[in-house]
Peer 1: 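One structure is given below, represented as structure tokens, and several questions about it will come after.
These numbers were taken from a predicted model, which means no experiment stands behind them. Order of listing sets the numbers, starting from 1, for every ligand and every atom in it.
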Amino acid sequence: MAKILILYSTTDGHTIEICRRIKQTLEERGDAVELGNLKENPSLEPGTFDKIVIGASIRYGKHQPLVSEFIARHQSLLEAHPNAFFSVNVVARKPEKNTPETNPYLQKFLKKIDWQPQNLGVFAGKIDYPSLGFFDKQMIRLIMWMTKGPTDPEAIVEFTDWDKVEEFGKMVAEM
Ligand SMILES: Cc1cc2nc3c(=O)[nH]c(=O)nc-3n(C[C@H](O)[C@H](O)[C@H](O)COP(=O)(O)O)c2cc1C
């Protein structure tokens, strides 16, 4: 049994749902999993976990700054464990942009940080128009219109491939 820490950065909660599915996949295989919100600046003590996973969503082209800040502060501890990073964004709904190698946000992020995660994932996120404020709703509708996505202001569209999330969980179990 491994003790696995999954840290997340989210704005609207979808990344937590993805973390919960990874947790479930790992727990079914007998691992112990703890979830932690990067916003709460969790402390990483050496020897507390066997593996570490970080997941973060994209908003207006970027992960939250606290993600790279946390990584910079804890890089040596991250490197001392089997580790993985995944990004959640809606560009990843496009088949040609849904792998770590082809997702522009993940590639840009990797160039920005010094840490080289051992394993990578990219998952398509969710658009929940009714939950968005006026500005965000219009901006996302515009972006979706430009990229041939859904623009109905009442639509809630989940693009996440949950089988892919479970595969990632199995990979974490093996890493
Ligand atoms: C205000 C806003 C801005 C967003 N900007 C982007 C973006 O620039 N590129 C992208 O691919 N997805 C973008 N998204 C989509 C989010 O990454 C997606 O909704 C994801 O599921 C959010 O995860 P979270 O709920 O964990 O924050 C944006 C979503 C919102 C609401």
Side-chain angles (χ1 to χ4, degrees), residues 4-26 33-42 52-71 78 83-113 115 117 119-169 171-172:
I4 302 167
L5 177 64
I6 305 179
L7 297 171
Y8 58 84
S9 154
T10 181
T11 305
D12 295 321
H14 193 63
T15 304
I16 306 176
E17 295 307 318
I18 291 175
C19 290
R20 289 196 181 122
R21 185 65 69 95
I22 297 168
K23 181 176 193 271
Q24 186 189 347
T25 306
L26 288 163
V33 182
E34 191 171 308
L35 301 186
N37 190 342
L38 282 174
K39 219 170 151 181
E40 287 158 17
N41 196 16
I52 303 174
V53 178
I54 298 179
S57 65
I58 288 285
R59 210 168 173 94
Y60 294 124
K62 291 180 178 156
H63 299 106
Q64 289 179 6
L66 58 81
V67 181
S68 50
E69 286 161 18
F70 181 89
I71 288 169
L78 290 170
N83 61 70
F85 177 85
F86 70 85
S87 178
V88 180
N89 53 79
V90 287
V91 157
R93 76 188 187 282
K94 302 209 164 216
E96 71 278 12
K97 293 185 179 166
N98 75 354
T99 67
E101 295 73 29
T102 58
N103 188 261
Y105 299 121
L106 182 54
Q107 284 302 316
K108 200 171 154 199
F109 184 69
L110 291 173
K111 289 198 179 85
K112 191 180 140 189
I113 57 171
W115 176 43
N119 298 282
L120 295 165
V122 177
F123 304 116
K126 179 179 171 183
I127 297 287
D128 181 349
Y129 282 118
S131 77
L132 297 178
F134 179 80
F135 176 79
D136 287 338
K137 192 183 290 183
Q138 301 315 326
M139 285 301 287
I140 299 302
R141 289 183 73 210
L142 176 64
I143 294 167
M144 283 295 128
W145 178 74
M146 291 191 311
T147 60
K148 298 182 172 49
T151 55
D152 174 358
E154 298 303 317
I156 300 174
V157 189
E158 192 182 82
F159 296 103
T160 314
D161 177 346
W162 293 103
D163 289 340
K164 192 176 165 190
V165 174
E166 284 174 21
E167 283 307 313
F168 184 84
M171 181 282 295
V172 172

Peer 1: Can you check whether G61 has an N/O within less than 3.5 Å of an N/O in ligand 1?
Peer 2: yes
Peer 1: In Å and rounded to the nearest 0.5 Å, what is the CG to CH2 distance from L78 to W115?
Peer 2: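 Those atoms lie 5.0 Å apart.
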Peer 1: Taking only heavy atoms of D12 into account, list the atoms of ligand 1 that are under 4.0 Å away from them.
Peer 2: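 Here the atoms of ligand 1 in question are 24 (P), 25 (O), 27 (O), 31 (C).
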Peer 1: Once you restrict to heavy atoms under 4.0 Å, what part of I143 touches ligand 1? Side chain, backbone, both or neither.
Peer 2: neither
Peer 1: Just distances here: any N/O of D136 and N/O of ligand 1 closer than 3.5 Å?
Peer 2: no
Peer 1: Output the list of atoms in ligand 1 that are nearer than 4.0 Å to some heavy atom of V90, sorted by atom number.
Peer 2: 10 (C), 11 (O), 12 (N), 13 (C), 15 (C)
Peer 1: Taking everything shown except Y60 itself, do over 12 heavy atoms lie less than 6.0 Å from its OH?
Peer 2: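 Yes - once you tally the heavy atoms of other residues, nucleotides and ligands closer than 6.0 Å, there are more than 12.
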Peer 1: Do R59 and ligand 1 have an N or O pair less than 3.5 Å apart?
Peer 2: no
Peer 1: Taking all heavy atoms of P117 and all of F85, pick out the closest pair and write down the distance.
Peer 2: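 Shortest heavy-atom contact: CG-CB, 3.7 Å.
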Peer 1: For Y8, is the nearest heavy atom under 4.0 Å from an atom of ligand 1?
Peer 2: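 No, Y8 has no heavy atoms under 4.0 Å from ligand 1.
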Peer 1: Hey, does the side chain of Y8 reach the backbone of I18 with a donor-acceptor pair shorter than 3.5 angstrom?
Peer 2: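 Side chain of Y8 to backbone of I18, a donor-acceptor pair under 3.5 Å: no, none is there.
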Peer 1: Are the side chain of K39 and the backbone of T10 linked by a donor-acceptor contact shorter than 3.5 Å?
Peer 2: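 Pair absent, no side-chain N/O of K39 close to backbone of T10.
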Peer 1: Is the side chain of K23 donor-acceptor paired with the backbone N or O of I6 at a distance under 3.5 Å, no angle test?
Peer 2: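 A pair under 3.5 Å: no.
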Peer 1: Between N119 and N83, is there a donor-acceptor pair closer than 3.5 Å when you use the side chain of the first and the backbone of the second?
Peer 2: yes
Peer 1: For ligand 1, which is the ligand I care about here, please tell me if I58 has any N or O atom under 3.5 Å from one of the ligand's N or O atoms.
Peer 2: yes
Peer 1: Between Q107 and P100, is there a donor-acceptor pair closer than 3.5 Å when you use the side chain of the first and the backbone of the second?
Peer 2: yes
Peer 1: Give me the residue, atom name and distance of the protein heavy atom closest to atom 9 (N) of ligand 1.
Peer 2: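 Ranked first by proximity to atom 9 (N) of ligand 1 is Y105 OH, 2.8 Å.
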Peer 1: Atom 29 (C) of ligand 1: which protein heavy atom is closest, and how many Å away?
Peer 2: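 Scanning the protein heavy atoms, the shortest distance from atom 29 (C) of ligand 1 goes to I140 CD1, 3.9 Å.
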Peer 1: Report yes if T10 has an N/O atom closer than 3.5 Å to an N/O atom of ligand 1; otherwise report no.
Peer 2: yes
Peer 1: I need the nearest protein heavy-atom contact for atom 5 (N) of ligand 1: residue, atom name and distance, please.
Peer 2: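 Of the protein heavy atoms, Y60 N, 2.8 Å lies nearest.
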Peer 1: Check this for me - ligand 1, L132, N or O atoms closer than 3.5 angstrom, yes or no?
Peer 2: no
Peer 1: So if I count the atoms of ligand 1 from 1 in the order they appear, which ones are less than 4.0 Å from some heavy atom of T15?
Peer 2: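 Selected atoms, number and element: 23 (O), 24 (P), 26 (O).
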Peer 1: With respect to T160, which candidate in H14, R21, E17 satisfies the side-chain hydrogen bond (donor to acceptor under 3.5 Å, both in side chains) definition?
Peer 2: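 Among the candidates, only H14 passes.
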Peer 1: Could an N or O of ligand 1 be found under 3.5 Å from any N or O of G125, whether backbone or side chain?
Peer 2: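 N/O-N/O distance below 3.5 Å does not exist for this pair.
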Peer 1: Side chain, backbone, both or neither: which part of N89 comes within less than 4.0 Å of ligand 1 when only heavy atoms are counted?
Peer 2: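 Both backbone and side chain.
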Peer 1: May I ask you to check whether over 12 heavy atoms, not counting those of W162, lie within 6.0 Å of atom CH2?
Peer 2: yes
Peer 1: Which atoms of ligand 1 sit under 4.0 Å from any heavy atom of S57?
Peer 2: 22 (C), 23 (O), 24 (P), 26 (O), 27 (O)
Peer 1: Is the backbone of K97 close enough, under 3.5 Å, to the side chain of N103 for a donor and an acceptor to pair up by distance?
Peer 2: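 Yes; judged by distance alone, with no hydrogens or angles, the pair exists.
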Peer 1: Indicate yes or no: does an N/O atom of G13 lie under 3.5 Å from an N/O atom of ligand 1?
Peer 2: yes
Peer 1: With a 4.0 Å cut-off, would you call D12 and R59 a salt bridge?
Peer 2: yes
Peer 1: Please state which protein non-hydrogen atom is closest to atom 21 (O) of ligand 1 and give its distance, to 0.1 Å?
Peer 2: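 Its nearest protein heavy-atom neighbour is K126 N, 2.9 Å.
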Peer 1: With a cut-off of 4.0 Å, which atoms of ligand 1 are near a heavy atom of H14?
Peer 2: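 Counting atoms of ligand 1 from 1, those under 4.0 Å from H14 are 21 (O), 23 (O), 24 (P), 25 (O), 26 (O).
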